[in-house]
Amino acid sequence: MPLLNEIHETFMREALKEAKKASDKGEVPVGAVVVFQNKIIARAYNQMEMLHDLTAHAEMIAITQAADFLRSEGGENHRGSLERASLYVTVEPCPMCAGALVMSHCQNLIFAAKDPKAGACGSLYNIAQDDRLNHRLNVTGGVLELESKFLLQEFFKALRKEKR
């Protein structure tokens with residue numbers, strides 16, 4: 001049976017593939033996958049520029065896809081919550097995404113790189129584990145952190161070079 005860290009790395013590599021898609025399309029390279037019963041049920045990457053929508057974060061798109069999948073699999077009685085699901089994302093979620101994870105009742109959040117400027121799962125805020133809210137997530141950070149940071153650094157380095 002594979003170790004938990006190996007499982008986390010396997011699914012985070014899939015999220016990193018999504019982040020690379022974002023980068024290739026000129027989007028900030030953030031990717032996410034939602035896993036339910038050890039199977040990926042949603043994949044997404046940032047699409048804010050492409051959709052002209054500031055809420056089109058990888059996590060938000062993945063949450064919506066996963067909820068639709070679970071609702072269609074669970075029938076009319078399933079409200080689309082992400083109970084027993086895990087979200088893997090290449091960067092620590094912002095307040096909006098962390099709030100959506102809490103509201104969707106996602107069980108686990110696994111992220112790669114911390115976001116000291118907007119992270120809401122331990123860095124700047126801790127919405128994902130705030131006792132005042134009706135739900136808390138299990139949070140694991142730092143999975144393939146260096147790979148995610150490298151992708152982000154290369155993207156912003158290229159962006160700065162373009163603007164010279």
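Every value quoted in this text rests on a predicted model; they were computed, and no experiment measured them.
- Atom CE of Met103 has 12 or fewer heavy atoms from other residues, nucleotides or ligands within 6.0 Å.
- At distances below 3.5 Å, at least one donor-acceptor pair connects side-chain atoms of Thr90 with backbone N or O atoms of Gly31.
- The CG atom of Leu133 sits 4.5 Å away from atom CG of Asp130, with the distance rounded to the nearest 0.5 Å.
- When all heavy atoms are compared, the tightest approach of Gly26 to Glu49 is O-CG, 4.4 Å.
- For the pair Met60 and Met96, the tightest heavy-atom approach, listed with the atom from each and the gap, is CG-CE, 3.9 Å.
- Aromatic ring orientation, His105 versus His135: parallel (interplanar angle below 30°, classes split at 30° and 60°).
- When all heavy atoms of Glu18 and Tyr45 are compared, the closest pair comes out as O-CB, 3.1 Å.
- Contact annotation: the side chain of Val143 approaches that of Met12 to within less than 4.5 Å [non-hydrogen atoms, C-beta and beyond].
- Within the model, atoms NE2 of His57 and SG of Cys94 stand 5.0 Å from one another, a figure rounded to the nearest 0.5 Å.
- Shown here for Glu59 and Val30, the closest heavy-atom pair between the two residues is OE1-CG1, 4.4 Å.
- Within the structure, every pair that satisfies the side chain to side chain donor-acceptor pair (under 3.5 Å) test and touches residues 26-43, not counting sequence neighbours, is listed here: Glu14-Arg43.
- The environment of OH in Tyr125 is sparse: at most 12 heavy-atom neighbours from other residues, nucleotides or ligands sit within 6.0 Å.
- Although no hydrogens or angles enter the test, the distance criterion places no donor-acceptor pair under 3.5 Å between the side chain of Glu147 and the main chain of Leu16.
- A donor-acceptor pair under 3.5 Å is formed between the side chain of Ser104 and the backbone N or O of Leu101.
- For Asn46 against Ala58, the heavy-atom pair with the smallest separation is OD1-N, 2.9 Å.
- One finds the CG atom of Leu144 at 8.0 Å from the CG atom of Asn5 (value rounded to the nearest 0.5 Å).
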